[in-house]
Participant: 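I am attaching a structure below and will ask some questions about it afterwards.
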Amino acid sequence: MTIADVSDKSIAELTSLSGRCAVVTGGAQGLGKAIARRFAEAGASVLIADLNDVLARETAAELSASCDGRVISTRLDVADTAAINAAAELAETQLGAIDIWVNNAGIFPFVPLLEMTDDTWDQVMDVNLRGVFAGSRAAARSMIANQRGGVIINVASLAGLAGISPGLGAYVASKHGVVGATRQMALELAPHGIRVLALAPGVIKTETNFSSAPAQAEATIPMQSSKLGRIGVPDDIGRVALFCASDMALFMTGSTLLVDAGMLA
Ligand code: NAI
């Protein structure tokens with residue numbers, strides 16, 4: 001499948017997601033919520049699929065009330081492949097053919113390498129890396145069956161490009177895996193008109209990493225070297241995700257976009 005030449009389209013047409021269906025894992029709060037919000041504002045129908053189904057329902061209701069697109073929710077554990085496949089089916093049944101799938105759900109337990117158990121390591125890999133693979137596979141199967149291409153966006157991290165804070169060994173390994181999987185999936189799925197991109201956010205202030213877990217927040221302080229005068233907010237990632245999902249980025253696949261306020265500069 002060859003991608004279209006959209007040179008004649010207006011900016012309004014290129015940034016619109018009207019008529020498109022998106023799934024955002026871990027979209028109940030944080031970066032995923034900001035991504036879901038910008039997608040819905042751009043006109044997409046969105047399924048928020050999150051482990052926290054109560055919060056996911058609240059978020060879906062909030063976004064539905066304030067945005068153009070329809071937003072629904074379901075409970076999903078991305079470490080459970082059968083549940084991922086069921087979420088893809090639900091999106092198709094309730095919202096229509098899947099055009100955009102965002103693998104955003106992720107966990108970041110702080111455990112020094114010498115104290116890390118196999119179980120903790122496996123849990124991080126199951127959610128952050130196998131969950132991305134299983135989500136992408138479900139999305140790609142659906143997109144190929146519907147023959148209209150699509151976009152898969154993997155939320156990686158600066159931790160996918162460099163070692164970061166002590167205690168994040170499994171996280172860093174999982175996110176490096178996400179960056180590699182993005183490149184491989186891009187080349188395997190390109191013939192089907194499916195673009196695959198990753199985002200590498202720097203430090204973004206969310207409920208989890210700053211309020212409810214002070215010890216974790218403390219551990220992230222060495223990373224807070226934003227060159228642009230403030231720490232990131234979730235919408236800094238939501239806007240870039242919208243760009244990637246839209247036809248503005250139609251000629252991009254396989255890339256990992258640094259969204260880090262120059263931290264790695
Ligand atoms: P968060 O903890 O605020 O939100 C994560 C959401 O994912 C929650 O709603 C949670 O219920 C859900 N979730 C957790 N485990 C899940 C599972 N197994 N299945 C489905 N949903 C699950 O996290 P935040 O900060 O919004 O992070 C989102 C993504 O962005 C993660 O992949 C994270 O690694 C990445 N990231 C975050 C950065 C930050 O500074 N906040 C920086 C770089 C990357």
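Counting convention: from 1, in listed order, for ligands and their atoms alike.
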Participant: Considering only heavy atoms of G30, which atoms of ligand 1 have at least one such atom less than 4.0 Å away?
Facilitator: 3 (O), 26 (O)

Participant: Taking atom 44 (C) of ligand 1 as the point of reference, which of A156, A79, G106 owns the nearest heavy atom?
Facilitator: A156

Participant: Flag the pair N154 / S136 as yes when at least one side-chain heavy-atom distance between them is below 4.5 Å, and no otherwise.
Facilitator: yes

Participant: Less than 4.5 Å apart, any side-chain heavy atom of V71 and any of R37?
Facilitator: no

Participant: If you measure from atom 11 (O) of ligand 1 to every heavy atom of D50, N52, V178, which option wins on shortest distance?
Facilitator: D50

Participant: Do the non-hydrogen side-chain atoms of Q94 and R70 ever get within less than 4.5 Å of each other?
Facilitator: yes

Participant: What are the atoms of ligand 1, with element, lying closer than 4.0 Å to any heavy atom of T206?
Facilitator: 3 (O), 25 (O), 26 (O), 41 (N)

Participant: Quick check on side-chain contact (heavy atoms from CB on, under 4.5 Å): which of T25, I194, I153, V24 does W101 satisfy it with?
Facilitator: T25

Participant: Considering D260, D77, I204, which one's heavy-atom position lies nearest to atom 41 (N) of ligand 1?
Facilitator: I204

Participant: Hey, which atoms in ligand 1 end up nearer than 4.0 Å to a heavy atom of G202?
Facilitator: 40 (O), 42 (C), 43 (C)

Participant: Could you tell me whether D247 and R20 have a side-chain N and a carboxylate O separated by less than 4.0 Å?
Facilitator: yes

Participant: Does ligand 1 come near enough to S157 that some N or O of the ligand is less than 3.5 Å from an N or O of the residue?
Facilitator: no

Participant: Using a 4.0 Å heavy-atom cut-off, say whether L51 meets ligand 1 through its side chain, its backbone, both or neither.
Facilitator: both

Participant: Is there a heavy atom in K175 that sits closer than 4.0 Å to ligand 1?
Facilitator: yes

Participant: For the residue pair R75 and L51, establish whether any side-chain heavy-atom pair is separated by less than 4.5 Å.
Facilitator: yes

Participant: Under a 4.0 Å heavy-atom limit, does K205 contact ligand 1 with its side chain, its backbone, both, or neither?
Facilitator: neither

Participant: Counting only heavy atoms, tell me which of I237, T25, I35, L31 gets closest to atom 26 (O) of ligand 1.
Facilitator: L31

Participant: Can you list the ligand 1 atoms lying under 4.0 Å from a non-hydrogen atom of A105?
Facilitator: 20 (C), 21 (N), 22 (C), 32 (O)

Participant: Taking CZ in R130 as the centre, count heavy atoms belonging to other residues, nucleotides or ligands within less than 6.0 Å. Is the count above 12?
Facilitator: yes

Participant: Do any N/O atoms on V127 end up under 3.5 angstrom from N/O atoms on ligand 1?
Facilitator: no

Participant: Which of the numbered atoms in ligand 1 are under 4.0 angstrom from any heavy atom belonging to Y171?
Facilitator: 33 (C), 34 (O), 35 (C), 36 (N), 43 (C), 44 (C)

Participant: Applying ring pair (Phe, Tyr, Trp, His ring centres under 6.0 Å), which residue pairs with at least one partner in residues 58-79 are found, sequence neighbours left out?
Facilitator: none

Participant: Against heavy atoms of V155, which atoms of ligand 1 measure under 4.0 Å?
Facilitator: 29 (C), 30 (O), 32 (O), 35 (C)

Participant: Counting each atom of ligand 1 from 1 as listed, which ones have a heavy atom of V203 under 4.0 Å away?
Facilitator: 40 (O)

Participant: Given C21, which of V46, L47, D99 fulfils the side-chain contact (heavy atoms from CB on, under 4.5 Å) condition?
Facilitator: D99

Participant: Do P234 and I204 come within less than 4.5 Å of each other through their side chains, counting heavy atoms only?
Facilitator: yes

Participant: So, is L76 polar-close to ligand 1, with some N/O to N/O distance under 3.5 Å?
Facilitator: yes

Participant: According to ring pair (Phe, Tyr, Trp, His ring centres under 6.0 Å), does anything in residues 12-40 pair up with another residue at least two apart or in another chain? List the pairs.
Facilitator: none

